[in-house]
Amino acid sequence: MPKTIAILTSGGDSPGMNAAIRAVTMVATAKGHRVLGVRQGYKGLLEGKFVPIAADEVADILREGGTILHTARCQRFLDVAQRDHARDLLTQQGVDGLIVIGGNGSLAGLSLLSDPDEAKNWPVRCIGIPASIDNDIALTGLAIGVDTAMNTIVEACDRIADTASAHDRTFIIEVMGRDCGYLAMTSAIASGANMVLFPEAERTEEELVNAVVKSILTVRERHRENQKVVAIKSEGVSTTTERLKSLVDAKLSEATGQDHDDIETRVTVLGHVVRGGRPTAFDRLLGSRFGNVAVRAILAGEHRKMIAWMPPMDLPEGVGTRSAADPYCYIVDLPAVLAATKELLEGQSPLARWRATAFDDLEDVFLL
Ligand code: F6P
């Protein structure tokens, strides 16, 4: 009997998920195994939404954004009885291996599903693939979708910069990223923004306002031809973008003694635009790499692991190994990923500390 590998996408979709689904299907099929898709993530799993996937059905999907399997957020999965039900359904379908493509919450769900204390001797091999535009998953350099999201933000910022320049206006552009400032930080550099506001810096509301006002006044004082200011703000910053704008306007009036209309600020919230669209070549490649390595990891008997791409710092001792199938990929312990992700999000890991201070010395450079 060929082995059956089930696959699902969970949480917020990210461009490149389809490339991973395609790679899993093609590699598993080539090795003589059956692939079973689960529609709508853990929610669909609990509802028994299984669909066989054939290699010819996925041949062209890698250029599409979103996920052909659809996705969902599923609070019910936090309930142990629901997870028992999920394990039973997978067993009834003859599943030997499960691949979950998703972000922090989805990987946490996979960790619970495969927890040896809870799952007892449940034999299904479980492997996670990191996919989230937020890039808030530890022990991998990038997750699927980050590169496409960054490119989308940069393209939007380039367009806004044109109109900001033409009107000598200030724009505060809010980008997704949940509690992680990665997308804001990297897209600020790549788009040539004048400043970036991100949660890791832990600025008070007053400090945020002062920083934006200082940037605007510094640019104005230069008396150069171009007086535009582009500030990128991560959605994770606790002050809402609209509130920040009105506080900035008030402070500008106070600082200049003029009506703030003289120095115009505008706000653009990019929202879900950032999450959609065709994946970049990089995300197609990353999804394909992860799918290939994930199938081979299952066939090699790996369990409770996440596939990673070039970790940003040295992997802690003993938590992972380099993949034999792809020298840029690593196979790391799922519980170690979740523990390191918690530290990252709480600002305690070396990477989080670096992110918090990375822009301190750059603030003045951005205004030159
Ligand atoms: O995690 C991906 C993400 O797009 C975050 O950047 C954002 O905060 C969140 O999902 C939005 O979720 P939803 O689409 O469920 O509103």
Side-chain angles (χ1 to χ4, degrees), residues 8-20 39-44 64-67 69-78 100-111 128-157 172-188 190 196-200 232-244 267-280 283 286-287 290 306 337-338 340-342 344-346 352 355:
L8 63 83
T9 48
S10 162
D13 56 297
S14 58
M17 280 180 159
N18 283 330
R39 284 175 60 85
Q40 291 185 309
Y42 292 122
K43 175 176 174 288
E64 304 300 336
T67 157
L69 287 175
H70 295 229
T71 184
R73 302 195 190 277
C74 181
Q75 284 302 311
R76 267 194 295 157
F77 208 68
L78 293 174
V100 169
I101 306 172
N104 187 14
S106 310
L107 297 171
L110 185 64
S111 179
I129 290 181
S132 165
I133 62 163
D134 303 338
N135 213 30
D136 57 353
I137 304 163
L139 306 189
T140 181
L142 284 174
I144 292 174
V146 179
D147 185 66
T148 306
M150 205 181 350
N151 276 280
T152 304
I153 294 171
V154 169
E155 193 186 332
C157 289
I172 303 173
I173 304 171
E174 182 188 300
V175 302
M176 273 192 171
R178 205 181 283 276
D179 299 321
C180 178
Y182 182 90
L183 273 183
M185 296 159 95
T186 50
S187 55
V196 55
L197 305 171
F198 51 96
E200 289 86 345
I232 298 195
K233 171 184 174 281
S234 171
E235 71 169 341
V237 169
S238 53
T239 302
T240 65
T241 305
E242 275 302 334
R243 178 171 165 80
L244 182 63
V267 159
T268 302
V269 177
L270 294 180
H272 288 80
V273 166
V274 166
R275 215 163 74 186
R278 288 181 184 273
T280 57
D283 273 325
L286 189 66
F290 281 164
M306 182 193 82
V337 171
L338 296 171
T341 300
K342 188 165 178 288
L344 180 68
L345 294 176
E346 287 172 354
R355 281 187 185 169

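Along the sequence shown, residues carry numbers from 1. Atoms within a ligand are numbered from 1 in the order they appear, just like the ligands themselves. In this text, all values refer to a predicted model and were calculated from it rather than measured experimentally.
- Between D136 and R178 there is no salt bridge, since no side-chain N of the basic residue sits under 4.0 Å from a carboxylate O of the acidic one.
- One option in H272, R73, R178, E235 has a heavy atom closer to atom 7 (C) of ligand 1 than any other, and that option is E235.
- Residues D147 and T280 have side chains that bring a donor and an acceptor to within less than 3.5 angstrom of each other.
- The protein atom (non-hydrogen) at minimum distance from atom 3 (C) of ligand 1 is R275 NH1, 3.5 Å.
- The nearest heavy-atom contact from the protein to atom 2 (C) of ligand 1 is D134 OD2, 3.3 Å.
- Looking at heavy atoms from C-beta onward, L183 lies out of side-chain contact with N135 at the 4.5 angstrom threshold.
- At distances below 3.5 Å, at least one donor-acceptor pair connects side-chain atoms of T341 with backbone N or O atoms of A138.
- The shortest N/O to N/O separation between G177 and ligand 1 falls below 3.5 Å.
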